[in-house]
Amino acid sequence: MPVRVRFAPSPTGYLHVGGARTALFNWLFARHEGGEFHLRIENTDTSREVAEAVGQIQETLRWLGLDLDGEVTIQLDRMERAQEVGQQLVAEGKAYEDEGAIRFRMPNEGVTVWEDVVLGRIEYPNEKLEDLVLVRSDGRPTYNFVSPLEDVLDGITHVIRAQDHVSNTPKQLQILKALGAELPVYAHVPLLNGADGRKLSKRHGALTVEEFRAEGYIPEAFVNFLALLGWSYDDHTEIMSRKELVERFTLERVGKSAAIFDYDKLRHLNGVYLRALPPDEYADRLVAYLRERGYDWDEQRIREAAPLVQEKIATLGEFPDFAGFLFARPEPAATDGAVLPAAAETLEQVEPFEAERIEAALRDLAERLGLKPRDAFQPIRLAVTGSPVSPGLFESLELLGKEESLVRMGGTGRGGASGSSAR
RNA sequence: GCCCCCGUCGACUAGCGGCCUAGGUCACGGCCCUUUCAAGGCCGUAGCACGGGUUCGAAUCCCGUCGGGGGCACCA
C-alpha cells in the first residue's frame, strides 16, 4: 500500500512555525517514501476568516516548497457522512444517544496500546477514557470523531502529528476499532518550545512562517533549519538541500523530546544559504524581497548593491538599514570630520571613480597624513553612509559616484574638527 | 488531582553496553586576518538531572526521585 499522509491544521490564521515543522516532516516522509502528501483543514465552522486562513496556509506551504497531492479537503464537508457513521455506531450498540448528542461507549478496562514510530510502545489505561461525544446535539461531529474517520476515508497510512495529540490517540484508536478500520501508523513528533522551555509565544519573537518571510529569511534555509528541529541525519551534517533532506529523512531518526526554537541558529543558517547563492540569483531574491516589502528603490541600483552586501548580511531584511544610504541621503552622523576636506580633495582627482583607484588614493592620503587606515576611513564612512557599519567603503563610494560622495563629505566636513554637530 | 510523554554543553543534537578523556553546529570568550561590519582561520569555556541497582564494564539497560511538557470539553 502506497504511503499517504496528511497535514491537518485548524484554520486559525497564518501557519505557525510548529505547524510548519509538522507539515515538513509529513512532506519529507511522503516524498522519501514516494507517497502522497495531503492537506486537510480541520474546521468546525465556515466563516470568512476560515476561508482566508486556508488561503494563507496554502500560500505558506507553497513558499516553503511543500507541494500538495490531491485536493484540499475540508472537514466540515464530511459532516453528513460523519452523522451517518455515528448513527450506524448507535445501531450497532457501540454508541448511544445522549440528550440529542451521540456518545461513544469507551471500554472501561484493559489498555489501549500502539507502537508509536517516534515514541515507542505507549499504553493507555482504558478506565481513563470517558465516553466521548461523536456528534453534537446540533449535528456537528467532534474532532476526535471526524479526524480518524477522515483518515479512513482518505486512506491515510501514517498519522504524523505533534505530541500534544498523544492523549487523543487512544480515543481515536477505539473509534477506529469500532469502525473495523485498518489502523494507521502513528508518529508523534516533538513539540516546539520558546526560549524559556514553555510554549512558543509571541514574546519569543516571530511566530508565523510569514513573519520570518517578511524578515528576509529564505525558504531553503528555513526548511533546513526546521528539519533539524527534532531530526538529525548523523553527528555532523547540517547543511542539506531539499533533495538531500528528502533522501535522508526517516521517522526513526526523529527525536522524542521537545526542541527550543533557536533564532540565532536560524539566522546563521540563513546567512550560509544567502552567501552560497550565485550573485545574480542573490540579486534576484533581493529585488523580489524588497518589492514584496514595498520598497520602490531602483532595481538596477539594488542589483549593483547586492554584491556589496551578500557577504555581510544574514537576512534580506537587514538590507534597508545596512545599504539604505545608497538610495537616499542618510542623516548626517556625528564624526570627527578633520580628514574630510583632504579626503574630498583627493577623491576629486580620482578618475575613473572606481573602487580600486579610490582605495589606492585614500590609502596614499592616509599614509601622507600619518593616519592608520581605520582612523582615516571611518570618518569618511560616517559622512557618506551615515553609519559606523556599512558595506565596503571604496565600493560604496564608487556606487554612489563622485559627485554624491563629495556632497556628503562636504556636508559634514564643514563642521570642522569638532564635528560633533549634525549641521 | 489523575493519565501520558520527555530529561546529553546556554540552544539544536550525535551517542542505540566497551570505539566517550562524550563528537558536531549555533551562541559565548580569546587570538589571527582586516577600511567598519560580516565572512574566514585557530584556540577555548561549557553537558550525560539526582539516587539506587544490573554488568567485568553504563550517557547508553532496570527502578525510584526530582524537573519539564502535554492531555483530561457537545475545542481543534
Side-chain angles (χ1 to χ4, degrees), chain A residues 8-12 41-45 75 98-103 112 116 118-120 122-130 132-147 161-171 188 190-193 195-199 225 227-239 252-253 255-269 271-272 274-275 309-314 318 322 358-359 362-363 366 371-382 385 387-397:
Chain A
S10 45
T12 49
I41 302 298
E42 308 216 309
N43 64 320
T44 43
D45 63 84
Q75 189 166 83
D98 176 28
E99 291 176 21
I102 295 177
R103 212 177 264 278
T112 300
D116 197 283
V118 172
L119 262 14
I122 295 180
E123 301 189 13
Y124 197 94
N126 289 339
E127 56 177 329
K128 299 297 170 190
L129 263 22
E130 289 188 358
L132 64 85
V133 170
L134 263 25
V135 181
R136 300 177 176 86
S137 38
D138 68 2
R140 288 151 56 228
T142 59
Y143 165 78
N144 274 312
F145 179 40
V146 229
S147 187
R161 58 187 6 174
Q163 280 177 17
D164 52 353
H165 283 290
V166 172
S167 49
N168 285 326
T169 307
K171 302 173 193 172
H188 287 94
L191 296 169
L192 252 33
N193 289 152
D196 52 5
R198 305 185 84 80
K199 213 172 162 70
F225 172 73
L228 258 17
L229 247 30
W231 175 83
S232 65
Y233 176 57
D234 58 20
D235 64 344
H236 65 280
T237 309
E238 300 221 312
I239 306 294
E252 284 68 29
R253 288 198 63 85
K256 297 180 176 185
S257 49
I260 289 174
F261 196 95
D262 186 349
Y263 293 84
D264 283 335
K265 187 157 183 174
L266 202 215
R267 183 168 180 279
H268 166 80
L269 259 188
V272 170
L274 244 23
R275 289 191 295 277
V309 304
Q310 185 166 9
E311 283 289 318
K312 301 187 177 269
I313 59 178
E318 290 160 40
F322 192 66
I358 292 169
E359 176 168 5
L362 288 179
R363 282 192 189 283
L371 290 173
K372 286 183 190 167
R374 134 181 220 130
D375 295 330
F377 302 158
Q378 198 62 355
I380 303 174
R381 184 189 312 282
L382 253 343
T385 73
S387 165
V389 175
S390 80
L393 180 58
F394 316 119
E395 291 78 6
S396 295
L397 288 169

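In what follows, chains carry the letters A, B, and so on, assigned in the order in which the sequence lines appear, proteins first and then strands, with residues in each chain numbered from 1. Predicted model, so just to flag it, every value in this text is computed and none were measured.
Checking A/Arg253 against A/Asn193, the closest nucleotide of RNA chain B that is more toward the 5' end is the one next to A/Arg253. Toward the 5' end of RNA chain B, the nearer of the two residues A/Leu191 and A/Pro373, judged by each one's closest nucleotide, is A/Pro373.
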Show the distances under 3.5 angstrom between N or O atoms of the protein and N or O atoms of nucleotides 22-26 of chain B.
| unit_1 | atom_1 | unit_2 | atom_2 | d |
| --- | --- | --- | --- | --- |
| B/G23 | N2 | A/Asp235 | O | 3.2 |
| B/G24 | N2 | A/Glu238 | OE2 | 3.2 |
| B/U25 | O2' | A/Glu238 | OE1 | 2.8 |
| B/U25 | O2 | A/Lys265 | NZ | 2.9 |
| B/C26 | O2' | A/Lys265 | N | 3.3 |

Dump the pairs, protein N or O against N or O of nucleotides 4-6 of chain B, anything under 3.5 Å, distances to one decimal.
| unit_1 | atom_1 | unit_2 | atom_2 | d |
| --- | --- | --- | --- | --- |
| B/C6 | OP1 | A/Lys256 | NZ | 3.4 |

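Checking B/C28 for Watson-Crick or G-U wobble geometry (two distances, each under 3.5 Å) identifies B/G44 as its partner. When both distances must be under 3.5 Å, the Watson-Crick or G-U wobble mate of B/U60 does not exist. In this structure, B/G7 and B/C66 make a Watson-Crick or G-U wobble pair, each of the two defining distances being under 3.5 angstrom. Remark: B/C72 base-pairs with B/G1; criterion is Watson-Crick or G-U wobble with both hydrogen-bond distances under 3.5 Å.
A/Leu129 has its CG atom 10 Å from the C1' atom of B/C3, to the nearest Å. Atom C1' of nucleotide B/C12 and atom OH of A/Tyr233 are separated by 19 Å, given to the nearest angstrom. When the C1' atom of B/U36 is taken as reference, atom CD of A/Gln378 falls 5 Å away, rounded to whole Å. With rounding to whole Å, A/Glu318 atom CD is found 11 Å from B/A39 atom P. Residue A/Arg140 contributes atom CZ, which lies 12 Å from atom C1' of B/A73 at whole-angstrom precision. The separation between A/Asn168 atom CG and B/C75 atom P is 14 Å, rounded to whole Å. Rounded to whole angstrom, the span from the CG atom of A/Leu134 across to the C1' atom of B/A73 amounts to 14 Å. Per the geometry, NZ belonging to A/Lys199 stands 17 Å off P belonging to B/G68, to the nearest Å.
Contact annotation for A/Phe261: no contact, since no heavy-atom pair falls under 4.0 Å across all strands. Within 4.0 Å (heavy atoms only), A/Ile260 reaches sugar-phosphate atoms of the nucleic acid but no base atom. Residue A/Glu311 is in base contact, counting any heavy-atom pair closer than 4.0 Å across all strands shown. Residue A/Ser10 is in sugar-phosphate contact alone, with no base atom involved, counting any heavy-atom pair closer than 4.0 Å across all strands shown. If you check every strand for non-hydrogen atoms under 4.0 Å, A/Asp138 touches nothing. Here A/Gly230 lies in heavy-atom contact (under 4.0 Å) with sugar-phosphate atoms only. In this structure, A/Ser232 reaches the sugar-phosphate backbone alone: every heavy-atom distance under 4.0 Å involves primed, P, OP1 or OP2 atoms, never a base. Within 4.0 Å (heavy atoms only), A/Ala101 reaches at least one base atom of the nucleic acid.
Annotation: B/G23 and B/U60 have their C1' atoms spaced 15 Å apart (nearest Å). B/U55 and B/C61 have their C1' atoms separated by 10 Å, given to the nearest Å. Between B/C20 and B/G47, the two C1' atoms lie 13 Å apart (nearest whole Å). Remark: the separation of the C1' atoms in B/C43 and B/C4 is 46 Å, to the nearest Å. With both ends at atom P, the span from B/G7 to B/A14 equals 10 Å, rounded to whole Å. Taking atom C1' in both B/G29 and B/U45, one finds a spacing of 7 Å when rounded to whole Å. A gap of 31 Å separates the C1' atoms of B/U36 and B/A46, to the nearest Å. B/G10 and B/C3: their P atoms are spaced 32 Å apart (whole Å).
Checked against the 6.0 Å centroid threshold, A/Tyr263 and A/Phe225 do not count as a close aromatic pair.
With hydrogens and angles disregarded, a donor-acceptor distance shorter than 3.5 Å links the side chain of A/Arg136 to the backbone of A/Pro141. In this structure a side-chain-to-backbone donor-acceptor pair under 3.5 Å is present from A/Thr169 to A/Val166. When atom types are taken as modelled, the side chain of A/Glu311 and the backbone of A/Arg275 share no donor-acceptor pair closer than 3.5 angstrom. Side-chain N or O atoms of A/Gln163 include one that pairs as donor or acceptor with a backbone N or O of A/His188 at under 3.5 Å.
Checking the phosphate oxygens (OP1, OP2) of B/G68, no side-chain nitrogen or oxygen of A/Arg198 falls inside 4.0 Å. For B/U35, the OP1/OP2 oxygens have a side-chain nitrogen or oxygen of A/Arg363 closer than 4.0 Å.
Between A/Ala376 and A/Pro379, the shortest heavy-atom contact is O-CD, 3.5 Å. The heavy-atom pair separating A/Asn43 from A/Pro11 by the smallest distance is CB-CG, 3.8 Å. Here the closest heavy-atom approach between residue A/Leu269 and residue A/Leu228 is recorded as CD1-CD2, 4.5 Å.
To the nearest 0.5 Å, the span separating OH on A/Tyr233 from CZ on A/Arg253 amounts to 8.5 Å. Here the straight-line distance linking atom CG of A/Leu129 with atom OH of A/Tyr124 works out to 6.0 Å at 0.5 Å rounding.
Closest to the A/Glu99 side chain, of the nucleotides B/C72, B/A38, B/C74, is B/C74. Candidate nucleotides B/C74, B/A38, B/G70 were compared by shortest atom distance to the side chain of A/Thr142, and B/C74 ranks first.
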Can you give the donor-acceptor pairs under 3.5 Å from side chains of residues 387-397 of chain A to other protein atoms, not counting sequence neighbours?
| unit_1 | atom_1 | unit_2 | atom_2 | d |
| --- | --- | --- | --- | --- |
| A/Ser387 | OG | A/Val389 | N | 3.0 |
| A/Ser387 | OG | A/Val389 | O | 2.9 |
| A/Ser390 | OG | A/Arg381 | NH1 | 2.7 |
| A/Ser396 | OG | A/Gly392 | O | 2.7 |

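Look at A/Arg140 and A/Asp138 and you find a salt bridge, because one of the NZ, NE, NH1 or NH2 atoms lies within 4.0 Å of a carboxylate O, short of that distance.
For B/U35, its base never sits under 3.5 Å from the side chain of A/Arg374 at any donor and acceptor pair. Between the side chain of A/Lys128 and the base of B/C72 there is no donor-acceptor pair of N/O atoms closer than 3.5 Å.
For A/Glu252, the CD atom counts as densely surrounded, since its 6.0 Å shell holds more than 12 non-hydrogen atoms of other residues, nucleotides or ligands.
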